[in-house]
Amino acid sequence: VRMYEEPEALNEESKKRTEKLLEKAEQLRRECRFGDAINVYMQVIESPDATDQQRRKARVSIDLIQEINGFVNTDLMNP
């Protein structure tokens, strides 16, 4: 009986670990440490324990950071 409970416990632990990675990445993003945040989001995406929802959230967050970093105000560039 105990053998069947352990995989569930491991699965819960894996989910918590991935959730903590997402929280860490969001904190880094709030601190404008975009490179570090992208690295942690990539860890979530590559994690075999991450759910599809967690992977989507990480992918969308990376896209947002890339948009922020790629923004150029052309009006400021005109003399």
Side-chain angles (χ1 to χ4, degrees):
V1 177
R2 188 122 173 101
M3 289 175 44
Y4 295 108
E5 292 174 3
E6 289 177 10
E8 290 176 12
L10 289 174
N11 194 21
E12 276 301 310
E13 184 63 31
S14 298
K15 286 180 184 178
K16 288 180 184 178
R17 206 171 334 147
T18 307
E19 234 3 88
K20 285 184 180 187
L21 281 174
L22 276 173
E23 290 172 11
K24 179 180 178 181
E26 290 170 7
Q27 180 63 34
L28 290 167
R29 189 184 67 199
R30 283 190 293 272
E31 295 171 2
C32 296
R33 295 176 55 192
F34 297 134
D36 293 333
I38 287 174
N39 290 337
V40 177
Y41 282 128
M42 288 303 295
Q43 289 178 16
V44 172
I45 291 171
E46 294 169 355
S47 171
D49 305 321
T51 64
D52 287 341
Q53 181 180 2
Q54 290 169 327
R55 285 189 177 99
R56 277 193 304 269
K57 184 175 184 175
R59 181 77 252 163
V60 167
S61 297
I62 289 173
D63 291 343
L64 173 66
I65 290 170
Q66 289 173 336
E67 270 188 55
I68 291 169
N69 282 338
F71 176 75
V72 176
N73 187 343
T74 54
D75 291 336
L76 291 177
M77 298 175 86
N78 292 330

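- In summary, the side chains of Q27 and E23 do not present any donor paired with an acceptor at a separation below 3.5 Å, with no hydrogens or angles considered.
- Within 6.0 Å of CD in E31 there are more than 12 heavy atoms belonging to other residues, nucleotides or ligands.
- Annotation for A25 and A37: closest pair O-CB, 3.6 Å, computed over non-hydrogen atoms.
- In this structure, the side chains of Y41 and E26 come closer than 4.5 Å at one or more pairs of heavy atoms.
- Between the S61 side chain and the K57 main chain, a donor and an acceptor come within less than 3.5 Å of each other.
- Residue T18 holds its OG1 atom at 10.5 Å from CD of Q43, rounded to the nearest 0.5 Å.
- The two residues R17 and D49 make their nearest non-hydrogen contact at NH1-OD2, 4.1 Å.
- When all heavy atoms of V40 and L21 are compared, the pair lying nearest together is CG1-O, 3.2 Å.
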Residues L28, F34; criterion side chain to side chain contact (heavy atoms under 4.5 Å, CB included); working and verdict: CA-CA 7 Å; L28 290 167; F34 297 134; over 6 Å; no
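- A heavy-atom distance below 4.5 Å is found between the side chains of I45 and I62.
- Salt bridge present: R59 and D63 bring a charged side-chain N and a carboxylate O closer than 4.0 Å.
- Of all non-hydrogen atoms in A58 and L22, the two that sit nearest each other are CB-CD2, 4.4 Å.
- Note: the hydrophobic cluster containing I38 does not contain V60 (ILVMFWY, side chain heavy atoms under 4.5 Å, direct or indirect links).
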